[in-house]
Q: 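Got a structure here, written out as structure tokens. Questions coming.
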Amino acid sequence: MKKWYKTIKELYGPLLIVEGVENAKFEDLVEVETQDGEIRKGRVLEARDDRAVVQMFDTTSGIDIKNSKASFLGKTLKLGVSELMLGRVFNGFGDVMDGGEEIIPEKELDINGFPLNPYMREFPEDFIQTGVSTIDVMNTLVQGQKLPIFSVAGLPHSKLAAQIVRQSKVIKEGKVDSNFAIVFGAIGITFEESQFFINEFKKTGALFKTVMFINLANDPVIERITLPRLALTTAEYLAYEKNMNVLVVLTDITNYCNSLREVSAARKEVPGRRSYPGYMYTDLASLYERAGKVDGSTGSITQLPILTMPEGDKTHPIPDLTGYITEGQIVLAPELEKKGINPPVAVLASLSRLMNKGIGEGKTREDHSGVANQLFAGYAKGRELRELAQILGESSLSEDDRKFVQFVDAFEKEFVNQGYENDRSIEESLNLGWKLLAMLPEKELKRVKKEHIEKYMNK
Amino acid sequence: MTGKIVKISGPLVVAENIPSARLYDVVKVGNEKLTGEIIEIRDNRAWIQVYEETSGVSVGEEVETTGEPLSVELGPGLLKSIYDGIQRPLEEISKKGGIFITRGINVPALNRDKKWDFVPTVKKGDKVQQGDILGEVQETNLISHKIMVPPNVSGEILEVKSGKYTVDEIVAIIDYDGKKIEVKMYQKWPIRKPRAYKQKFVPTKPLITGQRVFDTFFPLTKGGVAAIPGPFGSGKSVSQQQIAKWCDAQIIVYIGCGERGNEMTDVLKEFPELKDPNSGDPLMERTILIANTSNMPIAAREASIYTGITIAEYFRDMGLDVALMADSTSRWAEALREISGRLEEMPGEEGYPAYLTSRIAEFYERAGRVSPLGNKSNEGSVTVIGAVSPPGGDLSEPVSQGTLQVTKVFWALDSSLAYARHYPAINWLNSYSRYDDVVEKFYDLEVNPEFSQLRRQSLELLQKEAELLEIIRIVGMDSLSVKDRLILDVAKSLREDYLQQFAFDPIDTYTSLNKQYYMLKAIITFYEIAVQIAETSDEFDIEELLDLPVKEEIVGMKLVPESEISKIESLSKKITKELMKFKPEKDVTEADQPDYYRVIRDLDDEI
């Protein structure tokens with residue numbers, strides 16, 4: 001028998017306060033029946049004496065608190081999961097959105113999940129070939145990694161993400177691993193953007209391997225807080241129980257953080273930097289840390305969150321906190337895009353922390369680490385010299401220095417600028433790297449081994 | 001009689017009428033008996049931080065006190081363990097809970113079934129006092145674990161056993177003023193209370209890490225404290241791990257405080273494979289890991305650094321040198337902030353509680369070199385290396401500032417160096433060590449009398465390089481004199497061939513002090529002699545000089561194994577010899593004969 005409380009006392013923003021509640025549970029699910037008999041859902045954010053602060057997932061507009069009632073369901077938000085979710089579309093509350101049948105769940109899982117026991121984790125070290133040279137050679141992605149794309153509004157990050165999703169493959173013992181799934185979480189993005197992704201998944205025939213959770217820009221803001229948790233709960237189920245290699249794409253984390261801020265402000269919490277809540281690090285970690293590989297399962301969760309840096313500022317709390325949690329970042333640069341270089345990956349600012357374990361003989365190729373380091377060093381030096389030349393003129397550079405400047409230009413034009421349809425194998429990418437390195441004076445090639453120069457250069 | 005929950009807000013729970021509730025006592029919260037700690041008491045209400053996830057806990061559930069403060073178990077079985085922030089063994093938890101850490105799991109920190117071979121060092125009738133060694137357990141190949149008389153106990157030994165016992169069995173009985181005290185192999189100690197010692201001393205010996213930039217330029221001492229702040233992606237964790245792997249402390253306590261799960265796994269999988277450079281045994285045998293990853297409960301994160309340092313102090317009390325790495329203290333401070341916010345305390349700077357700086361200072365003050373209690377002749381030390389993760393890399397924030405006030409070594413990580421893949425990305429211009437004079441004395445005595453002079457000269461050259469680069473930026477390379485060119489060359493060599501150290505290369509990952517000295521000597525010798533040539537002649541081709549084949553050998557020095565160290569040792573002489581072909585044609589009188597002729601004479605004598 002459901003007990004209905006007609007004691008809703010306050011309503012502001014997404015929050016609702018119910019009084020006279022007996023034994024309110026923290027994070028308990030709440031149903032609110034409005035004066036028109038409509039049911040809306042929420043959860044308990046704080047329980048104090050007989051007062052419960054409830055955060056509504058749906059909009060709170062149109063609720064007449066005098067004539068509405070609330071009921072506490074005595075359970076936390078759970079998601080019914082099943083393999084049948086593949087190929088289906090859900091909203092930020094886990095309801096079916098594609099007009100198809102309801103999913104009969106195999107089991108129900110708490111959407112907050114539990115922290116993975118560090119003792120049971122496996123270290124991610126299986127190379128994922130994305131077909132993008134700047135990632136494969138210089139910021140290698142491995143299975144179980146969380147590697148965000150730091151972008152700026154207006155840059156083609158969606159195209160890059162789609163390209164990665166389309167081209168990614170794990171090659172084990174000469175065979176392409178096909179036991180993969182994609183979980184796509186659209187957080188407050190536009191209809192057009194979400195359609196772009198859906199079409200991309202269709203194009204590659206990956207749609208039936210994709211679970212989509214979609215919250216569009218005009219959908220309830222608060223659903224954006226639960227949406228990534230639903231996506232990750234699904235991913236954990238597919239990875240650890242069904243042994244699939246799951247790639248999770250979440251876009252746009254900036255919208256997620258803004259929703260957090262909205263709730264925090266409504267709760268009148270002490271704001272942190274740029275008025276984001278002080279616990280945002282912990283909150284983001286509870287999403288990003290749900291990536292990895294574990295002992296006892298051949299599956300993995302690889303995360304590719306996308307965020308747009310407000311004003312392109314990397315020290316803004318969203319990219320800053322993300323960078324501290326994730327294992328590197330792929331940074332996109334507007335100035336490259338303006339030069340017509342696509343995908344506009346800012347190689348120097350990008351980083352993959354797990355790269356060292358995923359490359360080399362038996363994984364990619366023996367010369368990989370040397371080539372990557374040499375390209376980095378050459379590009380860093382060349383860019384400095386190019387700036388110098390802009391101030392003092394080309395003539396101020398020595399002959400060797402000029403070679404570096406030529407290298408930088410060629411590197412951007414050929415290596416970075418591969419386009420969104422070009423799928424390069426790791427060998428192709430490395431060979432292209434060698435071709436470019438040949439432009440540099442040989443005595444400057446300190447990061448590559450001599451025997452590799454003989455073996456690979458000009459081949 | 002038990003207390004009742006009246007409020008739940010994230011990790012903070014308020015309960016009413018808990019019988020005999022005391023501040024900092026551990027309580028069991030709710031039906032699932034989640035572990036919590038009382039952090040504030042007002043009237044009949046107690047504010048409790050809960051070390052586990054609280055979702056689903058409801059108002060009205062019961063709270064019981066255990067009557068004990070939050071403590072750790074100290075005894076055989078600590079080494080090679082991986083614990084969470086409140087010393088729950090993660091390996092045992094995985095046996096119960098699978099891949100996830102579920103709630104309400106209670107497992108003792110030390111294994112109660114494992115038998116240890118206890119070898120007594122006292123006999124019946126001996127008079128002992130607190131901290132005295134009763135016996136030893138060879139816990140791992142590397143460490144002999146000393147079983148000590150518990151705190152605040154002294155008297156005559158009535159009985160002492162020998163043989164295989166578990167930590168929970170009695171190994172000795174002490175007559176303490178007529179009371180029979182039964183001593184087991186483990187003791188408990190509250191984590192928020194520093195362990196006692198006889199006397200504290202100023203640190204004098206370096207903590208040798210095998211990392212050139214640290215050992216040579218910005219050394220840390222045994223018992224010292226260092227801060228390593230840096231923006232993300234600048235290699236903080238790799239630097240910390242390198243020190244954990246190679247430093248010459250006997251015990252390593254590594255606290256992953258609010259950091260990445262995969263990083264802890266890396267440490268966990270890698271340490272058993274790495275060998276101690278001195279003994280050849282796995283490094284894990286001297287290591288204790290505390291892992292509270294960023295998605296684990298925040299209150300346990302707050303406790304984790306105290307858990308770690310209490311364990312460190314315990315080994316210090318055996319007369320051992322302990323190095324503790326906390327990665328990252330910023331996450332700990334954030335946990336403080338979050339709990340403070342939930343307590344509705346008045347926020348200080350950037351929302352951190354006003355007591356942040358004093359908490360930071362208290363923590364670092366638990367480091368130091370001491371003479372431990374009891375009959376031990378050895379000194380013990382706890383060295384603390386704290387990573388700080390300043391938001392946006394801005395050091396003016398409260399956690400960085402609070403840390404810099406109390407630490408004497410500052411390793412400034414620099415993201416622009418990291419972009420250029422200069423690792424470790426320690427900025428040589430901003431970093432400092434206030435232990436440099438004591439360490440220089442040590443090096444001059446133990447390694448080579450000219451070590452400190454080479455070190456100072458190198459730092460000066462790097463400083464000059466920075467000034468010259470400024471000039472070049474304005475007026476270009478043409479304005480430089482030959483001497484300036486040489487400075488740029490030696491500084492480049494110092495940066496690329498000395499400071500840069502590749503952590504993932506099996507040889508370059510560790511450099512002994514002797515090798516460091518010879519490497520530095522070779523680089524500086526090249527510069528010195530080149531300068532002397534430049535002073536006596538103006539007709540040589542500087543390009544040719546800087547391209548000498550011997551330069552290749554300077555580049556290759558870091559990859560020369562320790563077993564072939566003589567190659568580097570002899571390099572300085574080879575450099576001198578090669579540079580000789582640039583010697584001026586004209587005759588030189590004995591009086592203005594520069595140094596290098598003497599070197600050559602010596603060299604010829606030897607050959």
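In what follows, every chain begins at residue 1, and chains take the letters A, B, ... in the order their sequences are listed. Note that the structure is a prediction, hence the values are computed from the model and not measured.
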Q: Under 4.5 Å from any heavy atom of chain B, what part of A:K450 do you find: side chain, backbone, both or neither?
A: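 The side chain, not the backbone.
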Q: What part of A:R353 gets within 4.5 angstrom of chain B, counting heavy atoms only: side chain, backbone, both, or neither?
A: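 Answer is side chain: those atoms of A:R353 sit under 4.5 Å from chain B.
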Q: Measure B:E91 against the heavy atoms of chain A and call it side chain, backbone, both or neither at under 4.5 Å.
A: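 Answer is both: backbone and side chain atoms of B:E91 are under 4.5 Å from chain A.
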Q: Among the options B:K236, B:R301, B:E270, B:E552, pick out the one with the most heavy-atom pairs lying under 4.5 Å from chain A.
A: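 Result: the option with the highest number of such pairs is B:R301.
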Q: Considering only heavy atoms, which portion of A:K443 lies under 4.5 Å from any heavy atom of chain B: side chain, backbone, both, or neither?
A: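 Answer is side chain: those atoms of A:K443 sit under 4.5 Å from chain B.
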Q: Please classify the contact of B:D394 with chain A as side chain, backbone, both or neither, using a heavy-atom distance under 4.5 Å.
A: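 When you check distances to chain A, no heavy atom of B:D394 falls under 4.5 Å.
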Q: Below 4.5 Å from any heavy atom of chain A, which atoms of B:R337 appear? Answer side chain, backbone, both or neither.
A: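 Contact with chain A: side chain only.
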Q: What part of B:R45 gets within 4.5 angstrom of chain A, counting heavy atoms only: side chain, backbone, both, or neither?
A: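 Contact with chain A: side chain only.
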Q: Where does B:P391 contact chain A at under 4.5 Å (heavy atoms): side chain, backbone, both or neither?
A: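 Both backbone and side chain.
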Q: Can the positive tip of B:R331 be found less than 6.0 Å from the middle of the six-membered ring of A:Y324, inside 45° of the ring normal?
A: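 Yes, B:R331 sits over the ring of A:Y324.
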Q: Would B:R260 and A:E327 pass as an ion pair if we require N to O under 4.0 Å?
A: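 The answer is no: the pair does not qualify as a salt bridge.
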Q: Check this for me, if you would: do A:E125 and B:K269 make a salt bridge, where the nitrogen-to-carboxylate-oxygen distance has to be below 4.0 angstrom?
A: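 Here A:E125 does not pair with B:K269 in a salt bridge, since their nearest N and O are not under 4.0 Å apart.
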Q: Given that the side chain runs from C-beta out, which part of B:S389 has a heavy atom under 4.5 Å from chain A: side chain, backbone, both or neither?
A: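 Contact with chain A involves both backbone and side-chain atoms of B:S389.
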Q: Less than 4.5 Å to any heavy atom of chain B: does that hold for the side chain of A:S398, its backbone, both, or neither?
A: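 No part of A:S398 comes within 4.5 Å of chain B.
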Q: Salt bridge (charged side-chain N to carboxylate O under 4.0 Å, His left out) for A:R48 and B:E16? Distances and angles first, verdict last.
A: CA-CA 12 Å; A:R48 176 187 294 209; B:E16 245 174 18; over 6 Å; no
Q: Where does B:K551 contact chain A at under 4.5 Å (heavy atoms): side chain, backbone, both or neither?
A: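 When you check distances to chain A, no heavy atom of B:K551 falls under 4.5 Å.
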Q: Under a 4.5 Å heavy-atom cut-off, does chain A meet the side chain of B:L90, its backbone, both or neither?
A: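 Both backbone and side chain.
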Q: Using the salt bridge (charged side-chain N to carboxylate O under 4.0 Å, His left out) rule, take A:R273 and B:E350 through it: C-alpha gap first, then chi angles, then the decisive distance, then the call.
A: CA-CA 7 Å; A:R273 269 204 307 154; B:E350 290 195 22; 5.4 Å; no
Q: Using heavy-atom distances under 4.5 Å, tell me whether A:Y288 contacts chain B through its side chain, its backbone, both, or neither.
A: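 For A:Y288, neither part sits under 4.5 Å from chain B.
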Q: Check whether B:I93 gets within reach of chain A through its side chain, its backbone, both or neither, counting any heavy atom under 4.5 Å.
A: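 Contact with chain A: backbone and side chain both.
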Q: Under 4.5 Å heavy-atom distance to chain B, tell me which part of A:L354 shows up: side chain, backbone, both or neither.
A: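 A:L354 touches chain B through side-chain heavy atoms alone.
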Q: Within 45° of the axis and under 6.0 Å from the centre of the six-membered ring of A:Y279, does NZ or CZ of B:R342 qualify?
A: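 Geometry flag: set, cation within 6.0 Å and 45°.
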Q: Can you tell which part of A:E236 gets under 4.5 Å to a heavy atom of chain B, answering side chain, backbone, both or neither?
A: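 Side chain of A:E236 only, per the 4.5 Å heavy-atom cut-off to chain B.
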Q: Does any heavy atom of chain B fall under 4.5 Å from the side chain of A:S297, the backbone, both, or neither of them?
A: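 The answer is neither part of A:S297.
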Q: With a 4.5 angstrom heavy-atom cut-off, could you sort out which part of B:P89 is near chain A: side chain, backbone, both or neither?
A: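 B:P89 has no heavy atom closer than 4.5 Å to chain A.
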Q: As an exercise, state the distance from NZ of B:K7 to CG of A:D49, rounded to the nearest 0.5 Å.
A: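 If we round to the nearest 0.5 Å, B:K7:NZ and A:D49:CG are 9.0 Å apart.
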Q: With only heavy atoms counted, which part of A:P319 is less than 4.5 Å from chain B, the side chain, the backbone, both or neither?
A: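 Backbone of A:P319 only, per the 4.5 Å heavy-atom cut-off to chain B.
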Q: With a 4.5 angstrom heavy-atom cut-off, is it the side chain or the backbone of A:A380 that approaches chain B, or both, or neither?
A: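 Only the side chain of A:A380 comes within 4.5 Å of chain B.
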Q: Please look at A:R43 and chain B and tell me whether the side chain, the backbone, both or neither of the residue comes under 4.5 angstrom of a heavy atom of that chain.
A: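 The answer is neither part of A:R43.
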